[in-house]
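First the structure, in the form of structure tokens, and then the observations on it.
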Amino acid sequence: MAVGEEVKLSISGAALAALLHRCGAAVGDCDGLLFGRAHRPPPPAPTLSDYDDQTPAAPCLFISISGHSSLSNPCSLSDPLGRPNPPPPSSPSPLGFFSSRRRAPLRPSMRELALACSLSKTLSPIAHPLLFILVSPSASDDLSTHSFDYRAFLLVGSRLVPTSLTVVNVGPGFRDQYHSFAPESPFPLLQTKPPAAAPQADDAYSIGEQKAVDAMVDGFGLGRLQGLVCAAAGQAAEMDSMYAGMLRRMEKLAREVEKSNHRVLDQERRNLVMRCKTAGLQLQ
Amino acid sequence: MAPSADAAAPAPTPPLAPLIAAQLKFLLTNSSLPIKVVQIWSGCSSGRYADRFTLGIPFCLDYVYWDFLYNAMHPKVAPDVIFGQGDEGFQPLVDYDESGNGGKSCLAHWDYRDPRGLLCLVEELRLLYIEYQKKLVEKVDDARLKFEISTVLAKEGIEVSVVSSTGRSDEVKFAVPLLDLDLKMMVPGCPWKLPQKIHLQAIFPVSSSYLSVPSAPGLKLTSTPDLKSFFSVDGVKLPAWVDGMCMAEYIPTLEEDLKLQVVDASASIGCRRRFIEALAPAFGRPLEADPIFCRKATVLSISGIFTFLVHFVIPLQFPKQQPILTLQSCQHCNSQGIPITSSPKNSYPWSPRWEVTEMAERIYDYLADECQNFKKLCSDGFPQAK
């Protein structure tokens, strides 16, 4: 991080809700990786003003969190000494990590600090300070009230420095993120002009490209997609059928997720029983 | 330090999960330091088992409070530690990672079934914390302190810490263990479980500006609490701190002085023992007596039909100071059913130069008169008593 650079940390309301739900639903503690985007916006266009004494805005780094991933057990990211456990996935590169500890002080523990330091070395090159969110869920005795305290930290040097975290919902506050939106699509790059010979031939595309499209839309050939891109008008029916294909694909995925979730839950339950046996605990 | 949720709702603490309880129990029974358990609470969603606690760990004649977080539902996961509010710079695992010798840590081969785990972890972290504080003190910008540190920091068992408080300049606190003798050996049949120590606490103000005559440090002797029944540090007069002195000069004189007094205290036990033995011919064998420090004895006496106990509390400065006597009737109780006792008596005739037999006889003579007053007090004050 450049000296004196301001860091603006934000999380979308939905991502924060999902994160807090994950922390609240865990049996004990849990941790995981945080994903999102870090970017430095270009200096804003000169505003139209009658006065020309405006100082240029300081360089600013925006970090926005859009999601997380976590395993069900605590300390899944590191060994007891805080060394990162599995090599973090290369793509997409995480922004940082979170840790949830029930009813514990909102100060980084020795292991979290060690993990932050070693993760920031492993995730090179990252152009932003490593992010850490600490969550402390607690519930009243009759479980009627659940509260979540959280605090965000950025790794500066070898210290985790508390930083304010803005929750961004759709609205005027969202404008910054909206303007910085850069689309990332798994669709292959399609030429705007159809190839002269055999425009409908599917074998003009590589298997990889075809797979990428199949992952999005069931049974929609690349040729048809190409046709959509190139055509000038009158393709509403074709467009509809692509969306229908996308929805079919989504539904299929959802069913698969539902089925596998059941199996994961069953396995979780079995694991819990085994763990309790190991710990000598009685399940209620 | 304490989680805010707990402060708001003082719920009964659930029991610790068995494996964690075993580790904590092992720590408390086997540690050579008086470790305090401040608070125990649960980190499970069901709240059925407790799995985290705050320990008060002795450091530099004070306590540091660290939170130890286990996971009852994930027994194999090693505990994590949250250090105190001002100790953000204490990063033992980061240091391990940088030096590459984390393999030596007990966390590297954590066995959740081994009850010794927590004790090893606490001892390891405490040693690292002592080193961390030493490094902090070495960085303090004060010429005089730099000299003190270079001369005494090598002394074994020394602990130092930087004390910062708002509104006052920083101070550096030294806790210097004195007397390299085993105090346990000086008391035959000694019941102390933990090693007993006398420490000199010296608090130096940090001043970055150079003063020709720096002020004397705040000096105080402290001892482990059990030592009080053998030797009281409050009675020790500290040698004067001469201007321009340093601790390396001061400590040897103090230690010599202290050594003589401790030897005296040990001799005083023998003297008290002989006194208790000398009570037997006049009063009969004591009902009970403190056989180790010989600080207390109780005898049963009869005057006519009036039966009463005499409690002797023998001071550390015996025979210079006389024993304190308290009479307790065996026949009279007050309205709450508690036996009536007299006020403590220590103004009877006494000379430290008497032989112990004479002391016993003189006390016997004094009590022969005094018990009549006591008997009167008992029957007058409570005529309804038998």
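Atoms considered below: every heavy atom in the structure, side chains included; atoms not considered: hydrogens, waters and symmetry mates. The sequence lines fix the lettering, A, B, ..., with proteins before strands; numbering per chain opens at 1.
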Subject >> Residues of residues 91-103 of chain B with any heavy atom under 4.5 Å of a heavy atom in chain A >> reply: Q91(B), P92(B), L93(B), V94(B), Y96(B), D97(B), G102(B)
**OP:** Go through the steps for M110(A) and L107(B) under the test side chain to side chain contact (heavy atoms under 4.5 Å, CB included), then give the verdict.
**Re:** CA-CA 12 Å; M110(A) 64 168 185; L107(B) 284 174; 3.7 Å; yes
Taking all heavy atoms of [X] and all of [Y], pick out the closest pair and write down the distance.
X	Y	value
S45(B)	A26(A)	CB-O, 3.9 Å
P80(A)	A78(B)	CB-CB, 3.6 Å
L272(A)	M73(B)	CD1-SD, 4.0 Å
G89(B)	R159(A)	CA-NH2, 3.5 Å

**OP:** List the steps and the verdict of side chain to side chain contact (heavy atoms under 4.5 Å, CB included) for C44(B) and R102(A).
**Re:** CA-CA 7 Å; C44(B) 308; R102(A) 226 169 261 279; 5.7 Å; no
Go through the atoms of [X] and report whether side chain, backbone, both or neither lie under 4.5 Å from a heavy atom of chain B.
X	answer
R275(A)	both
P108(A)	backbone
A116(A)	neither

Original post:
Among all residues two or more places apart in sequence or in another chain, which pass the salt bridge (charged side-chain N to carboxylate O under 4.0 Å, His left out) test with R111(A)?
Top reply: none
With a sphere of 6.0 Å drawn around [atom1] of [X], does it hold more than 12 non-hydrogen atoms of other residues, nucleotides or ligands?
X	atom1	answer
K146(B)	NZ	yes
H21(A)	NE2	no
K104(B)	NZ	no
E268(A)	CD	yes

**OP:** Return each pair, listed once, that meets ring pair (Phe, Tyr, Trp, His ring centres under 6.0 Å) where at least one residue sits in residues 95-116 of chain A; pairs must be two or more places apart or across chains.
**Re:** H68(A)-F98(A), F97(A)-F132(A)
**OP:** Could you walk me through whether R52(B) and D29(A) pass the salt bridge (Lys or Arg N to Asp or Glu O under 4.0 Å) test, one step at a time?
**Re:** CA-CA 12 Å; R52(B) 36 205 65 186; D29(A) 298 348; 2.8 Å; yes
So which part of [X] gets closer than 4.5 Å to some heavy atom of chain A, the side chain, the backbone, both or neither?
X	value
V77(B)	side chain
L69(B)	side chain
N71(B)	side chain
L125(B)	side chain

Measure the spacing between [atom1] of [X] and [atom2] of [Y] and express it to the nearest 0.5 Å.
X	Y	atom1	atom2	result
C75(A)	K76(B)	SG	NZ	14.0 Å
S138(A)	W41(B)	OG	CH2	12.0 Å
L281(A)	I20(B)	CG	CD1	8.0 Å

Original post:
So do I82(B) and R101(A) actually touch side chain to side chain, heavy atoms under 4.5 Å?
Top reply: yes
Original post:
Taking C-beta and beyond as the side chain, do P105(A) and D67(B) meet within less than 4.5 Å on heavy atoms?
Top reply: yes
Subject >> Results of side chain to side chain donor-acceptor pair (under 3.5 Å) for S105(B) - residues two or more places apart only >> reply: E124(B)
